[in-house]
Amino acid sequence: MRFAQVIVDVSAYPVDRPFDYLIPEDWEELIDLGCRVKVPFGPRNVLGFVVGITSESEVPVEKVKPITEILDIESILTEEMLNLAKWLKHQTICYEIDALQVMLPGALRVKYEKYAVLNGEVSHLPTTLQPYYEKTAKVNLSQFEKANLLKPIKRAVKDGLIIIDNEVKQKGQVKQVRKVQIHSQEQLENVLQQMGKRAPKQVALVEWLMQHAGEILLPDDICEAVHITNSVLNSVIDKGAAAYIQEEVYRDPFTKNVEKTEFLQLTDEQDHALTKIIAAIDDQRQETFLLHGITGSGKTEVYLQAIQRTIADGKESIVLVPEISLTPQMTERFKSRFGDEVAVMHSGLSVGEKYDEWRKVQQGKVKVVVGARSAIFAPFKNLGLIILDEEHESTYKQEDSPRYHARDVAIWRGKYYNCPVILGSATPALESFARAKKGVYTLLTLAHRAKNQALPTVHIVDMREQLQAGNRSMFSEPLMEALQDRLNKKEQTVLFLNRRGYSSFVICRDCGTTVQCPNCDISLTYHRYQEKLKCHYCGHDEYIPETCPECQSENIRYFGTGTQKVEEEIYKLFPEARVLRMDVDTTKQKGAHEKMLDAFGRGEADILLGTQMIAKGLDFPNITLVGVLSADTSLHLPDYRAAEKTFQLMTQVSGRAGRHEKLGEVFVQTYTPDHYAIQLSKDQDYPPFYEREMHARHIAGYPPYYYIALVQVSHEDVMLAAEYAGRVAEYLRENLSFNVSVIGPTTASIARLQNRYRYQCLIKYKVEPQLIPVLLQLIKMYRSEWIKKGIVLTVDLDPTMI
DNA sequence: AGCACGCCGACT
DNA sequence: GTCGGCGTGCTC
């Protein structure tokens with residue numbers, strides 16, 4: 001007797017543990033650790049993951065049920081992944097099932113469908129139900145739900161006329177293509193002899209096929225080559241000249257052919273960094289490197305050569321890039337160096353495409369994965385190197401459960417495989433740099449640009465002076481002059497709109513009312529191309545009111561600096577300029593991003609205007625001017641990382657200019673020109689910024705001096721939300737040691753989201769071994785008592801946003 | 001979570 | 001008498 005320990009697909013506290021199931025004897029060979037199985041759970045069937053196999057079970061025999069079905073013949077999660085899931089569960093306080101699911105592509109998740117299956121004669125059913133069962137004995141329950149017939153169904157179930165069947169359905173499908181397998185020469189000759197002269201097309205086809213005996217071809221290709229239609233091919237196949245076969249294929253999202261590139265000569269700095277990394281690769285030692293290199297210093301070339309070495313050792317590499325910089329330019333560099341050995345995973349792919357990329361990794365068809373956060377779970381079995389580019393990016397932290405940080409997972413996997421992890425950035429996260437200084441990470445510095453170009457000259461423009469001089473436009477005099485100059489010289493400009501938290505909204509000029517979302521405490525954002533107002537948090541949308549909802553004034557206008565508005569202004573100021581606007585609206589379509597960048601690269605526009613998405617990875621020789629329209633907007637966000645984020649953004653954006661022969665110039669427009677984050681980004685001067693910001697963090701008691709954890713409570717009723725948030729704070733204060741500070745409860749930065757009021761408590765601590773146990777106890781209280789009142793409580797250890 | 005079971009008030 | 005409301009408890 002063999003038993004499988006199964007984690008079932010139910011995200012709930014009381015079932016967050018393995019359940020034992022009997023493995024039917026026939027399947028003992030088939031069921032392995034990490035397989036997905038279908039199991040009966042209570043009255044229904046659910047998906048489960050096999051996390052253990054034993055020969056004994058402590059559960060009384062009569063309770064143990066057998067596994068219903070095997071969903072994967074080969075195991076889909078390695079033992080490493082099962083261990084990683086357990087670690088994630090404890091590290092981020094999540095359900096084990098969520099940790100397991102997050103490691104798999106969406107196509108391997110399942111959906112549950114209920115069917116009402118006829119049990120007996122149709123005529124026994126109530127007349128209302130009979131029409132549904134005229135053609136079939138199995139009807140999807142949702143049909144009855146739509147027709148409001150659930151009650152009669154329920155009764156029919158009770159009377160035994162209908163049985164409810166819970167089905168577990170796989171979402172993803174392996175894509176198959178029908179191909180033609182051409183038979184051998186002799187067989188073809190046989191066929192030819194049987195054919196009369198009255199079928200000249202068939203004869204011609206068989207003669208053509210004889211030249212391709214034994215090959216496997218696409219039916220369309222054959223038809224095209226012989227100038228025939230499918231019907232001719234079909235009759236020849238019927239006569240035994242060939243056969244249709246199904247072949248598994250990968251959906252290939254890459255249509256573009258890339259040329260193979262060669263190694264670049266390394267600078268001394270790059271070479272030194274690479275040597276250290278290679279030493280760790282060769283020694284099979286887990287070491288975390290912080291590769292701090294200014295923009296244009298050639299970090300990517302270091303990555304590429306380190307990967308080359310890893311491949312030479314027969315091992316695999318993972319490269320993580322933030323989603324927004326997963327531009328074609330970046331992925332092309334990897335594709336062009338390593339060709340078919342690279343799989344790419346990002347959100348732009350369809351579920352099926354993602355699944356295929358994942359399978360390439362699973363089946364060992366590729367050696368390198370380039371992808372966004374979730375690619376850290378790429379199912380390699382012999383990892384040799386992990387790289388996080390732009391390691392400071394907040395997109396590496398998943399915002400919902402499991403709230404993992406890709407950096408932590410990377411280091412965990414690095415330890416598992418004894419392989420190095422490279423964290424690369426021009427502007428490292430403060431925590432990372434602090435760890436490098438402490439010696440936890442090995443610091444590698446690239447202080448010079450690879451081709452020895454000068455850094456762009458950065459001008460900081462005081463917008464207050466512009467305002468006093470009577471310039472009310474969003475372009476300052478110096479920026480306008482520089483822009484005109486580039487237009488004359490036929491050089492290109494990148495204009496960056498730091499739009500975070502400052503998008504266009506509708507405001508009443510008379511009473512100052514802004515149009516709010518009915519579900520969230522957030523102003524609605526104006527979307528021009530649909531002429532609608534939208535909430536970015538819950539998706540609510542409505543048409544623009546003609547009069548102010550408060551004072552009925554008709555003087556209601558949209559306000560703020562959206563990209564469209566900037567575009568209009570550019571056309572007013574520089575009618576001859578060709579502008580390419582890149583934002584969520586213009587890049588919505590698949591591949592639009594790529595097309596626009598290509599067009600800009602070919603010089604089809606003079607100005608590239610955009611938001612965050614153009615701040616990274618952009619590398620064109622003709623860009624000599626960068627304009628930052630409003631540097632301050634990210635500086636005033638209610639976030640302790642505001643200064644750090646602004647510094648990072650400014651540095652990234654200015655790095656787009658003058659990366660090749662031509663010298664670059666940057667204009668940063670700001671109302672707070674003296675702020676250190678802006679001043680120090682001028683020379684990409686990270687160390688002084690680090691010192692300065694560390695000082696600020698020390699005083700305010702924020703990371704990296706303190707760790708933080710955030711407990712959030714929400715409820716539809718304000719009073720209840722506040723009451724339970726109060727209980728949370730009280731509980732934490734009572735149970736945590738005195739040198740831990742608990743701040744709150746305070747209202748969350750968005751006080752109401754999707755009609756739920758949100759309160760939060762912030763915990764700051766240095767060392768607190770009791771934290772996790774206390775939080776677990778709190779969660780236990782919540783899950784056993786509070787949850788019934790409709791309270792939702794979430795815990796985020798090391799949150800990126802407060 | 002999702003579902004059955006069971007207890008209690010309301011209505012044909 | 002029966003229907004359906006919701007509180008309780010269990011799932012190998």
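Just so it is clear: chains get the letters A, B, ... in the order the sequence lines come, proteins before strands, and each one is counted from 1. Because only heavy atoms are used, hydrogens play no part in the values below, and waters and symmetry mates are left out as well, while side chains stay in.
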Test the A:Arg359-A:Tyr355 pair against the cation-pi criterion, namely NZ or CZ under 6.0 angstrom from the six-membered ring centroid and within 45° of the ring axis. yes
Pick base, sugar-phosphate or nothing for A:Tyr21, based on heavy-atom distances below 4.0 Å to the nucleic acid. sugar-phosphate
Base, sugar-phosphate, or nothing: which does A:Val64 touch, judged by heavy atoms less than 4.0 Å apart? sugar-phosphate
Heavy-atom closest contact (A:Asn166 atom, A:Pro43 atom, distance): ND2-O, 3.8 Å
[X] [atom1] to [N] [atom2]: how many Å, rounded?
{"X": "A:Arg44", "N": "C:dC10", "atom1": "CZ", "atom2": "C1'", "result": "11 Å"}
{"X": "A:Asp20", "N": "C:dT11", "atom1": "CG", "atom2": "P", "result": "13 Å"}
{"X": "A:Asn166", "N": "B:dG2", "atom1": "CG", "atom2": "C1'", "result": "10 Å"}
{"X": "A:Met1", "N": "C:dC12", "atom1": "CE", "atom2": "P", "result": "16 Å"}
{"X": "A:Glu62", "N": "C:dT11", "atom1": "CD", "atom2": "C1'", "result": "15 Å"}
{"X": "A:Phe41", "N": "C:dC12", "atom1": "CZ", "atom2": "P", "result": "6 Å"}
{"X": "A:Ile97", "N": "B:dA1", "atom1": "CD1", "atom2": "P", "result": "14 Å"}
{"X": "A:Ile787", "N": "B:dG2", "atom1": "CD1", "atom2": "P", "result": "12 Å"}

Nearest to the side chain of A:Pro14 - B:dA1, B:dC3, C:dC12? B:dA1
Which nucleotide in the list B:dA4, B:dA1, C:dC12 gets nearest to the side chain of A:Pro43? B:dA4
Are A:Phe41 and A:Phe19 an aromatic pair by the rule of ring centers under 6.0 Å? yes
If the plane angle is over 60° it's perpendicular, under 30° parallel, otherwise tilted; pick one for A:Tyr396 and A:His405. tilted
